[in-house]
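Below is one structure; the comments refer to it alone.
Heavy-atom basis, side chains included; hydrogens, waters and symmetry copies ignored. Lettering follows sequence order; numbering is per chain, from 1. Keep in mind that what you see is a predicted model, and the values were worked out from it rather than measured.
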Amino acid sequence: MSFANDTFTGTNGTTLQSHTSDSGHSWTKLTGSDMQINNNTVYNTTFSVTMYYSSAIPAGVEYDVEATIKTLNSSKNGCGVGGRISTSATTFYSARFKSTPQWELNKYIAGVATLLGSYAGDYPSTAKVVKLEIRDATKKLYVDGVERVSSVDNEITAAGRPGVGHGAGGNDPWTESWADNWSSTNFSAGGGLSIPVAMKYFRGMRA
Amino acid sequence: MPAKYYISPIIGNGSEDNPFRAKISDYPGVSCSSIIPSKPDGTPRFTWTLVYVSGLDFSALDADLEIKDVFEKFASGVSFGEIQVFLKSKTVGDLAVTKRSAVQTYLTALGVDLTGVTLSTQLWDVVKRVKNHLDPNGQLDDLRVG
């Protein structure tokens with residue numbers, strides 16, 4: 001169950017910082033250019049590195065952030081998602097598609113970019129779901145549910161916030177590269193049974 | 001897909017279009033994951049990195065004199081699982097003397113602690129020492145792409 005989500009439903013041209021998410025949270029631009037709503041998706045209006053964070057606060061330092069993204073072709077930079085985003089410095093982890101072309105797992109510390117890992121394949125010329133899985137032991141990038149990059153980096157340790165950013169479609173129009181269906185979900189180390197399943201299990205034992 | 005461990009220089013300046021990264025990541029057709037710990041200002045703590053690389057053709061990497069196959073082309077696998085099994089099944093003593101000497105020389109030059117490594121030490125443990133020199137966080141198993 002996500003603790004924050006957004007389908008970016010709104011009026012075309014609305015900046016993300018003026019938009020309220022489906023879960024009722026606001027967006028703050030940490031760095032870069034404005035992202036705008038277009039046809040109920042969100043896109044970056046320039047090439048500059050951009051990251052927004054949600055006002056939603058994760059329950060702990062381990063959580064997932066995902067979104068559906070698409071770029072017109074592999075030469076276009078794609079949008080991406082971020083996690084452990086600092087609200088005071090350009091510091092975060094991100095998973096995104098870049099026109100290199102490849103999927104990238106990145107680390108930004110004080111605005112300095114480091115590429116931790118990359119995967120050449122699964123270009124998002126059709127919509128694909130990118131997920132950034134944040135655990136203390138690993139940071140993983142998934143594409144359509146398949147793990148593509150895993151890193152052991154854990155230098156950004158504060159929970160921070162989940163977010164959305166990166167991307168810019170290339171030449172024109174910018175809307176060739178967009179993100180949609182963004183959400184963030186807390187990680188429960190215990191996992192285990194949901195309450196309904198657990199109730200059924202215990203009732204079965206009693207019978 | 002075939003996979004190997006390499007040691008690569010770190011290139012870049014930390015900008016969006018030129019991030020700090022393993023030189024290997026600039027080669028087309030390969031996927032990779034690397035360990036690049038950062039200083040507080042975001043710049044890399046080391047000038048080199050351990051890289052797990054997956055790809056169909058490593059010839060371009062092997063021709064780059066700045067990039068080192070950790071075990072001098074002795075070890076590779078068609079998947080992460082296979083290379084892991086291979087490295088756990090082989091020991092330092094399985095390396096030819098010339099390759100063993102070359103590996104020892106460049107790992108020592110990089111500052112990797114090889115104290116206690118003997119001919120019976122698993123090659124997997126040698127890679128773990130390289131990883132732990134760069135970053136003790138996490139497990140070598142979690143450095144992968146696929």
Item to check | Part of D41(B) lying under 4.5 Å from any heavy atom of chain A | outcome: backbone

Next on the checklist: Using a 4.5 angstrom heavy-atom cutoff, name the option from L143(B), D142(B), L140(B) with the most pairs to chain A.
Outcome noted: D142(B)

Item to check | Pairs involving residues 137-163 of chain A, ordered by first then second residue, that meet ring pair (Phe, Tyr, Trp, His ring centres under 6.0 Å) (sequence neighbours left out) | outcome: none

Next on the checklist: Please classify the contact of S15(B) with chain A as side chain, backbone, both or neither, using a heavy-atom distance under 4.5 Å.
Outcome noted: backbone

Checklist entry - Between D26(B) and chain A, which part of the residue has a heavy atom less than 4.5 Å away: side chain, backbone, both or neither? => result neither

Item to check | Test: E155(A) and R45(B) ion pair at under 4.0 Å | outcome: yes

Checklist entry - Checking E147(A) against chain B: side chain, backbone, both or neither under 4.5 Å from a heavy atom? => result both

Checklist outcome for this item: Under 4.5 Å to a heavy atom of chain A? For P40(B) that would be backbone

Checklist entry - Side chain, backbone, both or neither: which part of S118(A) has an atom under 4.5 Å from a heavy atom of chain B? => result both

Checklist entry - So which of G12(B), G146(B), G138(B) has the largest heavy-atom pair count under 4.5 angstrom toward chain A? => result G146(B)

Item to check | Interatomic spacing from CD in E16(B) to CG in N106(A) - rounded to 0.5 Å | outcome: 7.5 Å

Item to check | Contact origin within I35(B) toward chain A - heavy atom pairs under 4.5 Å | outcome: side chain

Next on the checklist: Quick check: under 4.5 Å, non-hydrogen atoms only, which of residues 82-91 of chain B neighbour chain A?
Outcome noted: none

Item to check | Rounded distance (nearest 0.5 Å) linking atom CG of D153(A) with atom CG of L134(B) | outcome: 11.5 Å

Next on the checklist: Checking S38(B) against V112(A) for the side-chain contact (heavy atoms from CB on, under 4.5 Å) test, could you report, in this order, the C-alpha distance in whole Å, the side-chain angles of both residues, the deciding distance, and whether it holds?
Outcome noted: CA-CA 9 Å; S38(B) 305; V112(A) 176; over 6 Å; no

Checklist entry - Which atom names give the shortest non-hydrogen contact between V30(B) and A120(A), and what distance separates them? => result O-CB, 4.1 Å

Item to check | Among G121(A), G111(A), S151(A), residue most engaged with chain B (heavy-atom pairs, under 4.5 Å) | outcome: S151(A)

Checklist entry - Among P28(B), S33(B), G29(B), A22(B), which residue forms the greatest number of heavy-atom pairs with chain A at distances under 4.5 Å? => result S33(B)

Checklist entry - So among E104(A), K98(A), K107(A), which one has a side-chain contact (heavy atoms from CB on, under 4.5 Å) with P19(B)? => result K98(A)

Item to check | Region of V51(B) in contact with chain A, defined by heavy-atom distances below 4.5 Å | outcome: neither

Item to check | Distance (rounded to the nearest 0.5 Å) between K39(B) NZ and I109(A) CD1 | outcome: 12.5 Å

Checklist entry - Do you know which of T49(B), V145(B), N137(B) has the most heavy-atom pairs with chain A at a distance under 4.5 angstrom? => result N137(B)

Next on the checklist: With a 6.0 Å cut-off (strictly less than), is the heavy-atom count around CD of Q17(A), excluding the residue itself, greater than 12?
Outcome noted: yes

Checklist outcome for this item: Okay, D136(A) and chain B: the region with an atom under 4.5 Å from a heavy atom over there is backbone

Next on the checklist: Please check if the number of heavy atoms outside E72(B) that lie under 6.0 Å from its CD is greater than 12.
Outcome noted: yes

Item to check | Inter-residue atom distance D135(B).CG - N154(A).CG, 0.5 Å rounding | outcome: 8.0 Å

Next on the checklist: Looking at chain A, which one of P37(B), S54(B), S25(B) has the largest number of heavy-atom pairs inside 4.5 Å, strictly under?
Outcome noted: P37(B)

